[in-house]
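Right, one structure below, let's go through it.
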Amino acid sequence: MKEVAFGQYYPVDSFVHRLDPRFKLFFLVAFIAAIFVATNFYGLLVCAGVLVFVILFSRIPAGKVLRAVRGVLFLALFATLIHVFFYAGETVYWSYGIICISREGLISSAFLILRLALLVVCSSMLTYTTTPVALTDGIEAIFHVHVIARIMSIALRMIPSLMEETERVKNAQKARGADFESGNLFKRVKAFVPILIPLLLSAFRIAEDLGDAMESRCYVGGKKRTKYKKLCFSWRDLLGMVVACALVAGVVLLRIYVGATL
Amino acid sequence: MRIVAEHLSYTYNAGSPFAVKALDDVSLTIEEGEFFGIIGHTGSGKSTFVQHLNGLIRVPSSLKRHRAKKPKKGEVLPPAPVLRVGDFDLTEKKTDFRALRRHVGMVFQYPEYQLFAETVAADVAFGLKNFAEKGQKPGKEALDAAVRDALEAVGLDYREYAEKSPFDLSGGQKRRVAIAGVIVTKPEVLVLDEPAAGLDPLGKREIMQLLHELHSTWCKTVVIVSHDMDEIAENCSRVAVFSGGHVRDYMPPKELFRNAEELVGLGLDIPLTAKLVLALKRRGIEIDCDYTTEDFIRKTLAFKGGNA
């Protein structure tokens, strides 16, 4: 009931929400390919521009989108520092031992951050705008593997349940005077034991209950089954497809004609 | 400790499409020494309300800030929320929540799922260690004595259970251990959210019996949230009815169940005794009892005797 988890479906009605999940998956793959094909800032800027349009058309508040980036902030900072300090560039600004800050290092770390941010934002846009069920249907339709799709959808479905359970256990321990906010790192990690053990037990319990419930309704993995909602391509998907192709083509052209930044 | 709540409102996920208004202008006073019942439908806000009592849910500070602003012309500001538990003012940001939580014990729904330690004794001692003053660790003897008292208070033999793993116990025993883990600090107010949920009738009766004993010996004030109307009718001095985030009524059960039809209209159950009183009324027999089984039986027998 508390805060909405990172990457969880955000229920508003929008152009992007109505797109076919198969297409959205395709778009994600095309977009990621474009990010990696791009070797100069122009390419990435084109990607970012397209992503901004996607966000605008999805009617998801910018704060929510930025929150997704916050999740990988630590990783991004770490990678950036490594890059800034250890990139062996030609134009050196400052150096000490093996550490050196160079023009190339700064540019390349800026590039890295941009890439990482684009990656995270575009993949969280998929989960923000697609329900777990639709996502599973899409994956199933593309790969024709039912079991894996089912496992994925259950895993996604468990996230909010486990969050709720965590909140419950955390509150119960807080009521017994547990303190998760103060003390050094070691103390804080230790403070989580009273949450982790009940949580783990609950996770097994929930999983077992779900398994029983599925089996008692005669669920057998891998059987061909019918769908409540049929997927169908619409004019929106066609439009999106054109944008995706244009994006990839544009980035490739930029790579060929402008060349790499470094 | 007297509990005073006025104009309390709470919205989950405020400002997002998931926003749910859980409490809407709730005002309620619970006197010291009461055995207070809270009833209401799922989602009526009762659990949200009780979580306010030990500061697990804070009174939104935006309301206070709102109050500090000067009202524009013609604008009516909502009255400021008040929430006091004893001497603690929970609308203040600087309240010592640790001290508050020592005085207000909270037993959640299915408390057995919060057990984690290797032995029953260690689990019960968890709260005691947490609430100990900084730098003054309680000695082993003091800890053991307190754990023993708490376990005996919930009806478990210390020697038999102290060194067992809490995960080897039965459901009812686990729940007792969990309750012992809360009362071990001798809170003045004990709040229980559906303490008897999921137990068999005997287990339910035993837990209620236990709460009565605790009420007279350990905790001055007991607040229970319940769906079980029989439980409420038998035990509580007063009852608050929550519905859609509001408090509809609060009064002794005797008066509450007199309007049994209204409760049924709210989608709530009524105690068996109230059902019988209604059925008898339809046959022209008026019984004026306080809806506990004992009183009902006595009055009914007296009625029969009086007519025979």
Side-chain angles (χ1 to χ4, degrees), chain A residues 1-6 8-14 17 58-65 67 128-129 131 160-183 187 190-206 208-209, chain B residues 10-20 22 43 47-48 50-51 53-57 97-118 122-132 134 166-167 174 178 180-185 187 190-191 193:
Chain A
M1 267 296 251
K2 263 302 196 35
E3 281 293 292
V4 179
F6 149 71
Q8 202 183 316
Y9 181 63
Y10 191 85
V12 286
D13 187 26
S14 80
H17 282 73
S58 70
R59 295 177 43 204
I60 287 175
K64 271 254 128 50
V65 178
R67 188 167 294 179
Y128 275 145
T129 61
T131 60
S161 298
L162 286 177
M163 295 268 295
E164 216 170 279
E165 196 63 30
T166 315
E167 200 57 37
R168 265 170 48 107
V169 179
K170 200 173 169 184
N171 273 343
Q173 309 299 27
K174 259 190 186 165
R176 293 207 280 163
D179 182 7
F180 307 110
E181 275 107 37
S182 62
K187 256 193 184 155
K190 223 179 127 191
F192 272 95
V193 171
I195 296 185
L196 281 181
I197 292 175
L199 191 62
L200 208 63
L201 287 170
S202 289
F204 280 121
R205 202 185 64 241
I206 296 173
E208 254 166 39
D209 285 353
Chain B
Y10 192 82
T11 308
Y12 284 102
N13 296 311
S16 83
F18 300 96
V20 184
S47 292
T48 308
V50 294
Q51 286 188 52
L53 299 183
N54 71 348
L56 287 175
I57 296 179
F97 283 97
R98 215 168 71 107
L100 171 73
R101 283 174 194 154
R102 193 172 64 198
H103 293 296
V104 183
M106 173 99 43
V107 179
F108 280 84
Q109 252 180 67
Y110 298 101
E112 54 271 30
Y113 295 145
Q114 73 188 33
L115 301 175
F116 69 94
E118 283 162 49
D123 208 293
V124 174
F126 179 67
L128 211 54
K129 284 184 187 158
N130 286 333
F131 285 126
K134 285 230 164 70
F167 303 110
K174 276 187 195 167
V182 174
I183 62 162
V184 71
T185 52
L190 183 62
V191 184
D193 195 349

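So that the names make sense, note that chain A is the first sequence line, chain B the second, and so on, each numbered from 1.
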Return all side-chain donor-acceptor pairs below 3.5 angstrom for residues 190-199 of chain A, not counting sequence neighbours, or 'none' if the list is empty.
none

Exercise for review: Would you name the heavy atoms of B:Asn54 and A:Ala175 that are closest together and state the gap between them?
Suggested key: ND2-CB, 3.5 Å
Check your understanding: Can A:Asp179 and B:Arg101 be counted as an ion pair, charged N to O under 4.0 angstrom?
Key -> no
Exercise for review: Sort B:Tyr110 into side chain, backbone, both or neither according to what part of it lies under 4.5 angstrom from a heavy atom of chain A.
Suggested key: both
Practice item. To the nearest 0.5 angstrom, please state how far the CZ atom of B:Arg98 sits from the NZ atom of A:Lys174. Key: 14.0 Å
**Study point:** Stacked cation flag A:Arg176 on B:Phe131, 6.0 angstrom / 45 deg
**Key:** no
Point to revise | Donor-acceptor under 3.5 Å (A:Gln173 side chain, B:Gln114 main chain) | key: yes
Revision key, fill the gap. Taken to the nearest 0.5 Å, the spacing of B:Tyr113 OH from A:Leu201 CG works out to 10.0 Å
**Study point:** Heavy-atom pairs under 4.5 Å with chain A, option from B:Leu128, B:Thr185, B:Val184, B:Asp123 with the top count
**Key:** B:Asp123
